[in-house]
Amino acid sequence: MRATLRRMERSYAAELTPGEDVVVKGWVHEVRDLGGIAFVILRDTSGKVQIKLDDSVDEELVERGTSLSRESVVAVEGTVEEEERAPTGIEILPTGLDVLNEAEPELPLDPSGKVDAELPTRLDNRTLDLRKDEVKAIFEIRGEVQDALRKKFRELNATEINTPKIVATATEGGTDLFPISYFEREAFMNQSPQLFKQMMVGSGLERVFEIGPIFRAEEHNTPRHLNEATSIDFESAFVDDDEAMEFCQDVTVSAYERVYEDCQEQLDAIGVDLEVPETPFEYLTYDEAIELANSEGIEHQLEWGDDLTTKAETALGDAIGEHYFVTDWPADAKPFYVMKDDETARAYDMMHPRMELMSGGQREHRVDRLRKEIEAQGLEPEEFEYYLRGFRYGMPPHAGWGLGLERLLATMLDIENVREVVLFPRDRQRLAP
RNA sequence: GCCCGGAUGGUGUAGGGGCCCAUCAUACAACCCUGUCACGGUUGUGACGCGGGUUCAAAUCCCGCUCCGGGCGCCA
């Protein structure tokens with residue numbers, strides 16, 4: 001059989017035709033021994049297929065088949081037969097069975113889903129966890145979403161870039177950074193590609209995007225924060241805030257459309273009835289947003305200048321019930337690179353009813369005003385010289401935004417905790433695996 | 001950073017001073033069973049996070065530690 005296995009092509013469980021001789025490879029999902037007849041359920045990436053073991057099969061093979069431990073990896077050679085009593089309408093009558101890798105009995109979690117496992121247990125055993133259809137589906141969708149985003153960005157003539165993740169200084173004040181040792185100097189893991197993508201706007205590229213990791217050392221402990229997250233960044237020359245928001249809306253909707261069209265099977269596995277958001281999204285100014293939030297009777301009434309609290313976000317989300325933008329924020333609430341008109345900043349956030357997804361703005365492209373803003377926020381312009389340099393020799397007006405991939409997925413798939421949509425999440429207590 | 005809550009067999013749980021050498025499900029082991037599809041049946045295996053304290057008696061109450069979950073702040 002070994003020699004045969006090497007030569008024969010592998011067939012997938014979901015793509016078998018009655019009458020053919022095949023070799024299937026996968027995991028032992030379950031063994032059901034009824035006495036005179038037994039069934040091995042084999043699972044591969046495509047689905048499951050039943051292997052029949054009865055007195056028409058070689059006795060030694062039946063013995064090997066019924067003593068398999070769950071989740072062992074096997075190769076089974078046999079004939080596909082039509083059988084209406086089988087779960088998928090077909091089953092395999094085996095002529096050979098090789099155990100390629102035996103799994104230890106007593107699994108740390110149950111991939112067949114009979115008994116739930118808590119998230120920490122699942123994350124410690126992510127490979128086993130990902131054998132469950134509903135978990136696997138999340139990551140298939142995640143891959144599909146990234147593909148859809150890239151396609152949409154290219155339609156918008158944006159060039160995909162990769163900016164450094166090891167940097168000498170903070171992007172802005174506020175968020176704590178992870179310090180690392182860089183030869184004899186101190187360096188940091190970058191919290192955002194913000195400054196680099198802006199520099200690229202002034203290069204020959206004009207319009208750029210990046211889907212990459214960002215690192216934040218904040219010790220938050222919530223279902224919507226990660227210390228390593230994936231940011232979808234966009235920045236474009238000769239674009240204003242209104243146009244940039246429209247792009248964000250379009251990019252978001254394109255991700256929904258792709259999942260809706262191509263991932264129905266995965267959505268079923270997760271149990272989500274996906275609806276593509278209606279466009280255009282609603283626009284609220286910051287003034288309107290705090291007024292609406294206050295009128296919804298939130299506990300701590302907001303005053304002008306306050307950031308939207310979690311309770312306010314929830315109240316707004318409930319009132320609006322769909323994606324929306326909040327524009328014209330108080331100038332003091334936004335970082336130095338956002339363009340300000342007196343008291344307000346030309347900044348915008350895109351919200352899902354459950355949480356903030358995106359933050360962006362019209363950028364300040366005039367180097368003298370940029371210097372003043374850096375100083376006004378208590379930062380040293382000298383530390384940003386590498387950045388300001390790009391503004392001294394021809395920087396076009398520009399706008400852009402950063403959208404959180406994990407939040408986009410968690411809200412799209414109605415998943416409570418963003419950790420669920422990351423293979424190996426990094427949070428306050430988790431550094432491995 | 002502040003504030004809550006939790007930790008019981010491999011996994012998920014019940015139990016909140018004595019009724020507990022700890023419940024149920026699943027798993028694992030053995031046996032029975034010829035159509036299962038969360039197969040069924042019988043028997044068995046296996047646990048109170050760590051350290052200290054209170055008490056005649058602690059899984060249960062108290063203190064400290066470790067780990068985990070959540071809310072808030074802030075953010076993507």
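Letters A, B, ... are given to chains in the order of the sequence lines, protein chains preceding strands, and every chain is numbered from 1.
One finds no side-chain N or O of A:S231 lying less than 4.0 angstrom from the OP1 or OP2 phosphate oxygen of B:A76. For B:G12, one of the phosphate oxygens OP1 or OP2 lies less than 4.0 angstrom from a side-chain nitrogen or oxygen of A:T121. Residue A:T310 places no side-chain N or O under 4.0 Å from the OP1 or OP2 atom of B:C74.
Within the 4.0 angstrom heavy-atom criterion, no nucleotide atom of any strand lies near A:E228. If you check every strand for non-hydrogen atoms under 4.0 Å, A:L226 touches a base. Counting non-hydrogen atoms under 4.0 angstrom, A:R419 reaches the backbone sugars and phosphates but no base. Among the heavy atoms of the strands, none lies under 4.0 Å from A:N125. Base engagement by A:A229 is indicated by at least one non-hydrogen atom pair under 4.0 Å involving a base atom. Residue contacts for A:M358: at a heavy-atom cut-off of 4.0 Å it reaches the sugar-phosphate backbone alone, with no base atom in range.
The gap from the P atom of B:C50 to that of B:A27 amounts to 28 Å, rounded to the nearest Å. For the P atom pair drawn from B:C61 and B:C19, the interatomic distance equals 16 Å after rounding to whole Å. Taking atom C1' on both nucleotides, B:G70 is separated from B:A30 by 44 Å, rounded to a whole Å. For the P atom pair drawn from B:C48 and B:U55, the interatomic distance equals 25 Å after rounding to whole Å. A distance of about 24 Å separates the C1' atoms of B:A29 and B:U34, rounded to the whole Å. A gap of 15 Å separates the P atoms of B:C62 and B:G16, to the nearest Å. Rounded to a whole angstrom, the distance from the C1' atom of B:G10 to that of B:G52 is 30 Å. The separation of B:G49 from B:A14, taken at their P atoms, amounts to 14 Å, rounded to a whole angstrom.
Within a 6.0 Å sphere centred on CD of A:E322, heavy atoms belonging to other residues, nucleotides or ligands number more than 12. The environment of OH in A:Y260 is sparse: at most 12 heavy-atom neighbours from other residues, nucleotides or ligands sit within 6.0 Å. Within 6.0 Å of atom NZ in A:K151, 12 or fewer heavy atoms from other residues, nucleotides or ligands are found, so the atom counts as exposed in its surroundings.
If A:T230 and A:P223 are placed on RNA chain B by their nearest nucleotide, the residue sitting closer to the 5' end is A:P223. Comparing A:R430 and A:L403 by the nucleotide of RNA chain B whose heavy atom lies nearest to each, the residue mapping closer to the 5' end is A:R430.
Judged by distance alone, the side chain of A:R64 and the main-chain N or O of A:L97 form a donor-acceptor pair under 3.5 Å. Between the side chain of A:W401 and the main chain of A:A244, a donor-acceptor pair closer than 3.5 Å is present.
A:D287 and A:T285 share no donor-acceptor pair across their side chains, judged by distance under 3.5 Å alone.
A:Y348 places its OH atom 14 Å from the C1' atom of B:A76, with the value rounded to the nearest Å. Taking atom CG of A:L128 as the reference point, atom P of B:U11 lies 13 Å away to the nearest angstrom. Here B:U11 presents its P atom at 15 Å from CG of A:L119, a figure rounded to the nearest Å. Distance CG (A:D427) to P (B:G69): 6 Å, rounded to an integer number of Å. At whole-Å resolution of the value, CG in A:L149 and P in B:A76 are 18 Å apart. Rounding to whole angstrom units, CG of residue A:N221 and P of B:C75 are separated by 18 Å. Whole-Å rounding puts the A:Q191 CD to B:C74 C1' distance at 13 Å. Look at CG on A:D110: it is 11 Å from P on B:U26, rounded to the nearest Å.
For A:H225 and B:C75, a side-chain-to-base donor-acceptor distance below 3.5 Å is present, hydrogens and geometry of angles not being considered. At a cut-off of 3.5 angstrom, counting only N and O atoms as typed in the model, there is a donor on one side and an acceptor on the other between the side-chain of A:R407 and the base of B:C75.
Between A:Y386 and A:F384, the two ring planes are parallel [angle under 30°; tilted spans 30° to 60°]. Ring planes of A:F247 and A:F234: perpendicular class, angle over 60° (limits at 30 and 60°). Taking the six-membered ring for Trp and thresholds of 30 and 60 degrees, A:F391 and A:H398 have ring planes inclined between 30 and 60 degrees apart.
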Query raised in the report: Checking side-chain contact (heavy atoms from CB on, under 4.5 Å) for the pair A:E364/A:V338: CA distance, chi angles, key distance, verdict?
Result: CA-CA 6 Å; A:E364 182 53 73; A:V338 176; over 6 Å; no
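Among the nucleotides B:C74, B:G10, B:G69, the one closest to any side-chain atom of A:R224 is B:C74. For A:T222, taking side-chain heavy atoms from C-beta onward, the closest of the listed nucleotides B:G73, B:G12, B:C28 is B:G73. Comparing B:U13, B:C74, B:A76 by their closest approach to the side chain of A:E118 singles out B:U13. Checking B:C75, B:G10, B:C72 against the side-chain heavy atoms of A:D307 singles out B:C75 as nearest.
Anti is the conformation of B:G35, whose glycosidic angle sits further than 90° from 0.
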Query raised in the report: With the sugar-phosphate defined as primed atoms, P, OP1 and OP2, and the base as all remaining atoms, what B/S/- string results for nucleotides 32-38 of chain B, 5' to 3', for protein heavy atoms under 4.0 Å?
Result: -BBBBBB
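Of all non-hydrogen atoms in A:D349 and A:S359, the two that sit nearest each other are OD1-OG, 3.1 Å. Scanning all heavy atoms of the two residues, the minimum distance from A:K197 to A:G402 falls at NZ-N, 4.1 Å.
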Requested in this report: Whenever both distances are under 3.5 Å in a Watson-Crick or G-U wobble pair, mark it; put RNA chain B into dot-bracket that way, with [ ] for crossing pairs and | when the partner is on another strand.
Outcome: (((((((..(((.....[.....)))((((((.......))))))...(((((..]....))))))))))))....
